[in-house]
**Student:** 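I have a structure here, written as structure tokens, and I will follow up with some questions on it.
For reference, positions follow the sequence shown, starting with 1. As the structure lists them, so they are numbered: ligands from 1, and atoms in each ligand from 1.
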Amino acid sequence: MATEETLVLIKPDGNKRRLTGLVIDRLDASGLELVAAKMVSVSESLAKEHYALLSDKPFFPNLIRYIRGEFHGFKDHRILALVYRGENAIKKTREVTGATNPEQAAPGTIRGSFGRITTDGQFENVIHASGDAADAAREVALWFKPEEILPRG
Ligand code: UDP
Ligand code: MG
């Protein structure tokens with residue numbers, strides 16, 4: 001298995017609920033290496049491009065509002081974007097992240113520990129993690145310039 005890179009976003013609920021350190025702690029424990037990190041003000045076009053494959057889903061409009069912090073009071077649309085690198089990084093990160101629906105996420109995963117569904121049905125699942133190799137390559141390149149990522153040692 002070759003070394004992979006994968007994109008992680010701490011979503012606005014994670015930021016608002018002060019879960020950033022806990023999420024990074026879980027990812028650290030997976031043994032992967034953090035090779036890029038920055039706060040990003042997420043434009044509508046970046047949000048829509050990131051989630052382009054879901055644009056026909058009924059939850060898409062709320063997903064764009066969610067990722068831009070509009071449900072959590074972030075008028076500057078801030079989000080923490082990270083790149084993790086390592087053997088099997090994409091699958092390992094997904095395992096630590098847990099299932100999309102926080103109610104179905106295994107206990108001890110990030111979403112199982114910290115995610116919730118709001119009373120109006122919005123998933124608040126704390127973290128984005130790239131789903132597969134094609135998504136990871138596309139998403140890392142969408143959020144980061146090559147020079148913002150530490151070179152492979
Ligand atoms: N999502 C949602 N309702 C759904 C499915 C997805 O609100 O029924 C949101 C949720 O925030 C999820 C994101 O859309 O994390 C992206 O969906 P995807 O199926 O790619 O899940 P993920 O890869 O994040 O586990
Ligand atoms: Mg996905």
**Student:** May I ask you to identify the nearest protein heavy atom to atom 18 (P) of ligand 1, giving residue, atom name and distance to one decimal place in Å?
**Tutor:**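 The closest one turns out to be Leu54 CD1, 4.2 Å.
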**Student:** Any side-chain heavy-atom pair from Ser41 and Arg78 closer than 4.5 angstrom?
**Tutor:**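 Sidechains of Arg78 and Ser41: no contact.
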**Student:** Please write down residue, atom name and distance for the protein heavy atom closest to atom 13 (C) of ligand 1.
**Tutor:**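 Nearest protein contact, heavy atoms only, for atom 13 (C) of ligand 1 is Leu63 CD1, 3.8 Å.
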**Student:** Judged on heavy-atom distance to atom 5 (C) of ligand 1, which of Tyr66, Phe59, Phe60 sits nearest?
**Tutor:**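 Comparing heavy atoms across Tyr66, Phe59, Phe60, the nearest one to atom 5 (C) of ligand 1 lies in Phe59.
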**Student:** Under 4.5 Å between any side-chain heavy atoms of His128 and Lys11, yes or no?
**Tutor:**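 Side chain of His128 against side chain of Lys11, heavy atoms only: contact under 4.5 Å found.
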**Student:** Heavy-atom count around Lys38 NZ within 6.0 Å, excluding the residue itself: above 12?
**Tutor:**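 Result for NZ/Lys38: enclosed.
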**Student:** So which protein heavy atom does atom 24 (O) of ligand 1 come closest to, and at what separation?
**Tutor:**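 Protein heavy atom at minimum distance: Arg111 NH2, 3.0 Å.
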**Student:** Are any of the N/O atoms in Asn125 less than 3.5 Å from those in ligand 1?
**Tutor:**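 Such a contact does occur with ligand 1.
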**Student:** What donor-acceptor contacts under 3.5 angstrom involve side-chain atoms of residues 105-117, with partners at least two apart or in another chain?
**Tutor:**
residue: Thr109; atom: OG1; partner: Ala106; partner atom: O; Å: 2.6
residue: Thr109; atom: OG1; partner: Gly112; partner atom: N; Å: 2.9
residue: Arg111; atom: NE; partner: Asn125; partner atom: O; Å: 3.3
residue: Arg111; atom: NH1; partner: Gly98; partner atom: O; Å: 3.2
residue: Arg111; atom: NH2; partner: Ile127; partner atom: O; Å: 2.9
residue: Ser113; atom: OG; partner: Arg26; partner atom: NH1; Å: 3.3
residue: Ser113; atom: OG; partner: Arg26; partner atom: NH2; Å: 3.2
residue: Ser113; atom: OG; partner: Thr109; partner atom: O; Å: 3.0
residue: Arg116; atom: NE; partner: Glu124; partner atom: OE1; Å: 2.8
residue: Arg116; atom: NH2; partner: Glu124; partner atom: OE1; Å: 3.1

**Student:** Heavy atom under 4.0 Å from ligand 1: found in Arg94's side chain, backbone, both, or neither?
**Tutor:**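 Contact part for Arg94 vs ligand 1: side chain (C-beta onward).
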**Student:** For a quick test of reading the model, state the closest non-hydrogen atom pair linking Val40 to Ala81 and the distance between them.
**Tutor:**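 Looks like CG2-CB, 4.1 Å.
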**Student:** May I ask you to check whether Lys11 has an N/O atom sitting below 3.5 Å from an N/O atom of ligand 1?
**Tutor:**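 N/O-N/O distance below 3.5 Å exists for this pair.
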**Student:** What pair of heavy atoms forms the shortest contact from Val8 to Tyr84, and how long is it?
**Tutor:**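 Heavy atoms of Val8 and Tyr84 come nearest at CG2-CD1, 4.0 Å.
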**Student:** Give the numbers and elements of all ligand 1 atoms closer than 4.0 Å to a heavy atom of Tyr51.
**Tutor:**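 Checking each atom against Tyr51, I get 16 (C).
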**Student:** What do you reckon, does Thr100 have a nitrogen or oxygen under 3.5 Å from a nitrogen or oxygen of ligand 1?
**Tutor:**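 Checking ligand 1 against Thr100, an N or O pair does fall under 3.5 Å apart.
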**Student:** How about Thr6 and Val83: do any of their side-chain heavy atoms sit closer than 4.5 Å?
**Tutor:**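 Contact flag for Thr6/Val83 side chains = no.
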